Amino acid sequence: MSDLLKKTLSLLTGSAADTKRPLRKLSERELIELEAEIGGSLFGPIPAGHRREFFCLDAHTWVWHEEWFNDKKQRQVTSTRYEIHNNGILKAQDSKVYKFLEGEELRTLVLAIRLYYEAVARGIYKRDPHTGQPLTDSSAVTM
Amino acid sequence: MSELPIAEQNDLKSDHIRLNAERMINNPAQMDAFFHNAETQLSSVEKTAGRIDLYAPDVPYTESTVDTQVSYVEAPAYAVEPQSRAQELEKIYFFLDTAGLVKEADDITKVVNAQRHAF
């Protein structure tokens, strides 16, 4: 492709880099905020007045954060960390209670992690979660 | 399956576990596949005459109620009622399922993190 044609195409569609990596100007923190918004919506409707976030903090940690106002208009906050260890997933709620997840709670968390990955891969990074390949226009609308 | 509400997926998974435990009874081929799968998920699977011990990695936090070892006695040495045998298989299946879920969560978390860093 000639340079002139490349420049023309770039003017019409944006640079090749912009097309392939539309979020490259976002910091890791901003990406986490985008992911957290999607993550918070995975567990059904969010009650009015609540703010819910669920996100992957790093390669070993997930966070559930929820804020709301109670009947006395007092702000309530619950923060839960899930730490992934080789021998289990440790849950720490408001930095106090530690226990390994099991049974339904473990199953629900893993399902949420699976759904989170599928949703952010498609919704933010525009990747097929199964192949890691960029989504085509036809596959992007199947989310 | 991923499009179902989480509660419905859990119901399906529980049914799946129960069904598999029931099917494995009196089915040597499925039993072999089951323990082959166990060997890929657990830290150790020890087989001795008529008995199989499955070990998960040690759990350092004593509050956990998850068993770290279960045993299964192979037929024909297994001399208890079929119902008890089914319950034992369900327990083993649950044990393996837990190990599998933790591994899946670990794998996906690493991918999510790498995907973010790639941007």
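Owing to the predicted nature of the structure, the values given are computational and were not obtained by experimental measurement. Labels below follow one simple rule: chain letters A, B, ... track the order of the sequence lines, proteins then strands, and each chain is numbered from 1.
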Participant: Just by modelled atom types, is the A/G132 backbone N or O under 3.5 Å from a matching donor or acceptor in the A/R127 side chain?
Facilitator: yes
Participant: A side-chain contact here means heavy atoms from C-beta on lying under 4.5 Å apart; do A/E53 and A/V63 qualify?
Facilitator: no
Participant: Give the member of B/D106, B/V112, B/T109, B/V111 that has the highest number of heavy-atom pairs under 4.5 Å with chain A.
Facilitator: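 The residue among B/D106, B/V112, B/T109, B/V111 with the greatest pair count is B/T109.
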Participant: A/L109 versus chain B, heavy atoms under 4.5 Å apart: side chain, backbone, both or neither?
Facilitator: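 Looking at A/L109, nothing touches chain B.
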Participant: Do you know which of A/V110, A/I113, A/I32 has the most heavy-atom pairs under 4.5 Å to chain B?
Facilitator: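 When all of A/V110, A/I113, A/I32 are compared, A/V110 has the most.
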Participant: So, A/Y117 side chain and A/P129 main chain: donor-acceptor pair closer than 3.5 Å or not?
Facilitator: yes
Participant: Once ring pair (Phe, Tyr, Trp, His ring centres under 6.0 Å) is applied, do any residues pair with A/Y116, and if so which ones, sequence neighbours excluded?
Facilitator: A/F54, A/W62
